[in-house]
Amino acid sequence: MANFNANLLQFFMSTNIYVVIMAGGSGTRFWPYSRDAKPKQFLDVLGTGRSLLQMTFDRFAEITTPDKIWVVSNEKYKGLIADQLPELEEHQVLLETEKRNTAPCIAYAAYKIMKKDPNAVLVVSPSDHAIFKEKDFQEVISTSVASASIEEKLITIGIRPNRPETGYGYIQYLENSDVIKKVKTFTEKPAADLAAKFVESGDFLWNSGIFVWSIDSIIKAFEKHEEEIASIFASGLNEYYTESEQAFIKKAYSQCKNISIDYAIMEKAENVFVVPGDFGWSDLGSWNALHEIKSKDEDENVIEGSAMTYDSRNNYIKGKKDKITVVQGCEGFLIADFDDVLLVCKKEDSSLFRDFITDVKSEKGEKYV
């Protein structure tokens, strides 16, 4: 922690900051590298020696103590989490029994943490983001936490867009002199022409999926806008931290709707704010996103393994060290060679990966997905 200034460190350590890392995704758009048995958050995608989940834990260990970092994931990844994050106690790992998107995930964490510490401020983050300017990120989080701890605000972190990306949600904000800006609208994954207009206007941000709010604020928001979800998880207050918690969660998740926190709360609430951030962020949501941040050759090809290219540019080639991949005449392709799957497709077409997986599972068997 020596690389952070003393005032920032003192602020973090004097605040009841709890971090909730959402790690239940299946990483579909990273198939066949990411598999159902071991999704991308558990992989060393960036070649650092640490998985994306571990890197996320390391990042937040700079702003709070390990006992206040919690992970929410699917129960089938319990072993992977235990192996990769042995620092966590059993009660810090919240195991979902079914996939129900981010709203139930966040509600579960909020109600359980509320029982332990009703004065907590929550930072909620996906487990599979890359952040390259750690100090700038810390400052954005400290600004958000300071505001959320004294005012009833639901804060999301926004990213200055550098291109008309259609795979992200967009946040329009009201301009003012404050660092924290009132949110005007949310737009999920716009078409290319609309995304271009958003970027050109200058008053839209990408929605990073990172949130900051007090326990009180998010509980009130669930009670007002998603009364059914609030009721389900409030009914478990006597079950949390007991041997019957997992049985309760199995029943709770069977009753929950599948809905994101954006649709459930953020698009409905009036007290939603955004803090613009510029800290070298990537959501690593697809091969194309990974291509953007990886080192490239003179033809903009990312090459991992042993490969030779001819008249080919802007490709992601993931081969093997002991097997030569020869590529000619390709532009904008993903060529990914794994032991049991060879994938060749346009790397921008990440929306098709769900179809690939469905068809492969149906025709060739589950072991390939």
Side-chain angles (χ1 to χ4, degrees), residues 17-26 41 56 60 69-74 94-114 120-129 140-141 144-145 147-148 152-159 167-173 180-189 205-234 236 249 252-253 255-275 277 281 283 285:
I17 301 175
Y18 286 73
V19 174
V20 177
I21 301 174
M22 300 180 290
S26 55
Q41 62 267 30
T56 304
F60 286 112
I69 301 176
W70 298 40
V71 174
V72 188
S73 188
N74 191 281
L94 281 58
L95 300 174
E96 300 177 295
T97 54
E98 299 180 49
K99 292 182 180 181
R100 286 292 184 265
N101 216 313
T102 53
C105 157
I106 291 169
Y108 177 17
Y111 278 91
K112 183 171 180 178
I113 292 172
M114 179 182 68
V121 176
L122 302 189
V123 179
V124 180
S125 172
S127 58
D128 52 2
H129 289 184
V140 168
I141 295 297
S144 304
V145 168
S147 181
E152 196 171 303
K153 290 181 178 178
L154 305 176
I155 298 174
T156 183
I157 309 302
I159 308 297
Y168 298 159
Y170 285 74
I171 301 168
Q172 184 182 25
Y173 60 90
I180 301 176
K181 302 181 185 299
K182 186 79 169 63
V183 170
K184 183 178 180 182
T185 62
F186 283 88
T187 303
E188 266 299 296
K189 299 178 181 178
L205 303 167
W206 286 335
N207 185 359
S208 71
I210 302 171
F211 306 99
V212 180
W213 41 52
S214 68
I215 279 283
D216 186 58
S217 295
I218 191 60
I219 294 293
K220 285 181 178 178
F222 272 109
E223 290 174 344
K224 181 176 180 180
H225 302 291
E226 282 295 338
E227 186 177 354
E228 182 180 341
I229 292 178
S231 177
I232 289 171
F233 289 100
I249 288 302
Y253 268 73
Q255 298 171 337
C256 269
K257 67 176 77 172
N258 186 323
I259 187 169
S260 71
I261 193 68
D262 295 304
Y263 286 127
I265 302 295
M266 304 303 280
E267 294 187 7
K268 299 175 183 176
E270 296 179 354
N271 56 329
V272 177
F273 294 79
V274 64
V275 177
W281 172 88
D283 80 335

Where is the tightest heavy-atom contact between [X] and [Y], given as atom of each residue plus distance?
X: Ser144; Y: Val275; value: OG-CG2, 3.4 Å
X: Ala221; Y: Leu154; value: CB-CD1, 4.0 Å
X: Lys153; Y: Ser217; value: N-OG, 3.9 Å
X: Ile218; Y: Ala110; value: CG2-CB, 4.0 Å
X: Pro126; Y: Ile210; value: CD-CG1, 4.1 Å
X: Leu122; Y: Ile113; value: CD2-CD1, 3.8 Å

Practice problem: Please identify each residue that fulfils side chain to side chain donor-acceptor pair (under 3.5 Å) with Lys181, with sequence neighbours left out. | Solution: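 Lys181 satisfies side chain to side chain donor-acceptor pair (under 3.5 Å) with Glu175 once adjacent residues are dropped.
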State, without any angle test, whether [X] and [Y] hold a side-chain donor-acceptor pair at a distance under 3.5 Å.
X: Ser127; Y: Gln41; answer: no
X: Tyr170; Y: Trp206; answer: yes
X: Thr156; Y: Asn207; answer: yes

How far does [atom1] of [X] sit from [atom2] of [Y], to the nearest 0.5 angstrom?
X: Glu96; Y: Ile249; atom1: CD; atom2: CD1; result: 8.5 Å
X: Met22; Y: Leu94; atom1: CE; atom2: CG; result: 13.0 Å
X: Glu267; Y: His225; atom1: CD; atom2: NE2; result: 12.0 Å
X: Thr102; Y: Met266; atom1: OG1; atom2: CE; result: 10.5 Å
X: Trp70; Y: Ile21; atom1: CH2; atom2: CD1; result: 12.5 Å
X: Lys99; Y: Ser26; atom1: NZ; atom2: OG; result: 3.5 Å

Quiz item: Only one of Ile171, Ile180, Val212 forms a side chain to side chain contact (heavy atoms under 4.5 Å, CB included) with Phe273, so which one is it?
Solution: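 Only one option passes, and that is Ile180.
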Practice problem: Please assess Val145 against Val121 for the test side-chain contact (heavy atoms from CB on, under 4.5 Å), listing each intermediate value before the final yes or no. | Solution: CA-CA 7 Å; Val145 168; Val121 176; 4.1 Å; yes
Donor-acceptor check, side chain of [X] to backbone of [Y], threshold 3.5 angstrom: yes or no?
X: Ser231; Y: Glu227; answer: no
X: Lys182; Y: Glu270; answer: yes
X: Arg100; Y: Tyr253; answer: yes
X: Ser73; Y: Ala23; answer: yes
X: Asn74; Y: Gly24; answer: no

Quiz item: Could you go step by step and tell me if Phe211 and Val20 meet the side-chain contact (heavy atoms from CB on, under 4.5 Å) rule?
Solution: CA-CA 10 Å; Phe211 306 99; Val20 177; over 6 Å; no
Quiz item: Do Lys184 and Tyr173 meet the cation-pi criteria used here (NZ or CZ under 6.0 Å from the six-membered ring centre, within 45° of the axis)?
Solution: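 Negative - Lys184 is either too far from the ring of Tyr173 or too far off its axis.
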Quiz item: Under 30°, 30 to 60°, or over 60°: which ring-plane class applies to Tyr108 and Phe233, parallel, tilted or perpendicular?
Solution: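 Tyr108 and Phe233: parallel rings.
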Practice problem: Decide side-chain contact (heavy atoms from CB on, under 4.5 Å) for Glu152 and Asp216; before the verdict, give the C-alpha distance in whole Å, the side-chain angles of both, and the deciding distance to 0.1 Å. | Solution: CA-CA 8 Å; Glu152 196 171 303; Asp216 186 58; 4.3 Å; yes
Quiz item: Is there a side-chain contact between Val274 and Ile157 (heavy atoms, below 4.5 Å)?
Solution: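 Side-chain contact under 4.5 Å: no.
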Quiz prompt | Partners meeting side chain to side chain contact (heavy atoms under 4.5 Å, CB included) with Glu226 (sequence neighbours left out) | solution =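 Glu226 satisfies side chain to side chain contact (heavy atoms under 4.5 Å, CB included) with Phe222, Ile229, Lys257, Ile259, Ala264, Ile265, Lys268 only.
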Practice problem: Would you check, one step at a time, whether the test side-chain contact (heavy atoms from CB on, under 4.5 Å) holds for Ile106 with Trp213? | Solution: CA-CA 11 Å; Ile106 291 169; Trp213 41 52; 3.8 Å; yes
